[in-house]
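These values consider heavy atoms only, across backbone and side chains, with no hydrogens, waters or symmetry-generated copies.
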Amino acid sequence: MYGKAFAPEYQGSLTTLSVNSSLVEVLAAGTEQLRAAERGGSPGEAARAGLAVAEAHRRLGQVAEADREWKASYRAARAAGDLGAMAWALWSGGTLARQRGALALAWRLLGLAADLGERGGDIVVRGYSLAGMAETGRIQGDYDAVGALHEQLLAEARKRGEARHTVWALEGIAQMHRNTGSYDSAYAMFEEAAEIAGKAEDRRGHAWALRGMADIVSVRDGNVERALELLSEAELTCREMNLVSALAYNHKMRGNVLYRAGRYEAARAMYQRALDEFREMSEPRGEGLARLGLIKSLARLGRDRAETADDLSELAGVLERIGLRHARRMVDRAREEFGLTEVLEVAL
């Protein structure tokens with residue numbers, strides 16, 4: 001039903017790159033082709049090579065470089081009059097904006113990308129852009145608004161036999177099920193995503209699916225060792241492919257598993273590690289989640305209640321400003337966990 005996963009963001013002379021090419025390889029090949037296109041006065045090829053360069057920088061956590069390159073790709077595409085390439089550049093910029101926590105900007109850029117993709121007849125970039133909008137809404141916790149869009153995109157991806165996009169949609173819907181307490185449904189979808197990704201040789205998608213399965217195995221079944229095994233398997237892929245963001249989220253999830261098991265010192269160390277990684281790549285959502293885990297671990301290890309309350313209040317304000325409503329609700333649950341709701345009321 002599904003063919004081998006492919007990476008449509010690697011275009012022009014870079015179509016030989018696969019979805020599993022290391023990001024270092026992508027960056028080197030993309031930069032070489034970009035310079036050649038610039039020397040040859042080919043803005044269309046420069047736009048498409050620049051897209052790969054921008055995406056490699058983004059996935060490596062090199063935010064400033066990624067921001068510079070997607071904008072250069074857009075300018076080159078506009079000079080070439082290529083609506084599809086313009087759409088892909090905007091998709092990259094919107095995805096970077098979401099990664100940086102600029103969710104309103106992400107929504108706007110991705111919406112523009114979807115519109116240009118439709119006008120230019122590129123159904124793939126249109127689908128990726130709509131998926132980006134759906135993911136932006138999902139990480140904000142606005143499930144009512146984007147749940148139907150996730151389902152629509154899943155149906156479209158299944159119909160076309162696009163393994164990578166099917167895996168993405170399954171994982172997004174599974175995450176919403178997990179966050180609303182439907183653990184069995186979530187696990188089944190993560191498991192299906194892992195199976196499809198494995199057969200399609202989508203190692204990135206497979207690593208994310210394993211992370212989701214580990215979460216469910218931990219929270220639903222209390223099976224700590226199996227959860228850690230799944231995370232170790234996923235971590236191997238993250239390291240081999242240089243997936244720095246996925247690796248940081250893997251470490252944050254390992255912290256979650258250890259925290260649930262009452263291994264608070266080990267959890268504290270893992271959350272701190274993830275926090276450092278997120279800060280290095282300027283990813284505020286991951287930073288907020290890792291900070292929350294670190295605050296909770298320190299509280300379990302005997303930290304002063306007033307300091308814990310202050311940190312949670314400060315973090316709540318940060319998450320509120322970013323617009324991460326689900327993560328903000330997690331802070332409220334942490335207050336309840338430590339009996340700090342009364343402290344908050346007195347402070348107010």
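Looking at Glu55 and Arg58, a side-chain N of the basic residue comes within less than 4.0 Å of a carboxylate O on the acidic one, giving a salt bridge. One finds no salt bridge joining Glu45 and Arg35 here, because no Lys/Arg side-chain nitrogen approaches an Asp/Glu carboxylate oxygen to under 4.0 Å.
Here the straight-line distance linking atom CZ of Arg329 with atom CG of Asn179 works out to 8.5 Å at 0.5 Å rounding. In this structure, the separation between OG1 on Thr237 and CZ on Arg239 is 11.5 Å, given to the nearest 0.5 Å. We find the OG1-CD distance between Thr166 and Glu192 to be 8.5 Å, quoted to the nearest 0.5 Å.
Annotation: cation-pi geometry not satisfied between Lys252 and Tyr271 (NZ/CZ under 6.0 angstrom from ring centroid, within 45° of ring axis).
By the 6.0 Å contact criterion, CD on Glu280 is open, its count of non-hydrogen atoms from other residues, nucleotides or ligands being 12 or less. Sparse packing is recorded around CZ of Arg108, with 12 or fewer heavy atoms of other residues, nucleotides or ligands lying under 6.0 Å away.
A donor-acceptor pair is defined here as one N or O able to donate and one able to accept, closer than 3.5 Å; no such pair exists between the side chain of Ser42 and the backbone of Glu38.
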Verify side-chain contact (heavy atoms from CB on, under 4.5 Å) between Trp168 and Leu153, making sure each step is shown before the conclusion. CA-CA 10 Å; Trp168 167 84; Leu153 293 169; 4.0 Å; yes

Would you check, one step at a time, whether the test side chain to side chain donor-acceptor pair (under 3.5 Å) holds for Glu283 with Ser245? CA-CA 8 Å; Glu283 188 159 342; Ser245 179; 3.1 Å; yes

Mind running ring pair (Phe, Tyr, Trp, His ring centres under 6.0 Å) on Tyr128 and His165 for me, showing each step along the way? CA-CA 8 Å; Tyr128 270 58; His165 219 56; 4.6 Å; yes

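For the pair Tyr187/Val217, a side-chain contact is recorded, criterion being any heavy-atom separation below 4.5 Å from C-beta on.
Tyr259 and Arg300 share a donor-acceptor pair across their side chains, judged by distance under 3.5 Å alone. Side-chain atoms of Ser218 and Arg260 form a donor-acceptor pair, as typed in the model, at a separation below 3.5 Å.
Under a hydrophobic clustering in which Ile, Leu, Val, Met, Phe, Trp and Tyr are joined whenever their side-chain heavy atoms come within less than 4.5 Å, directly or via other members, Phe338 and Leu294 fall into the same cluster.
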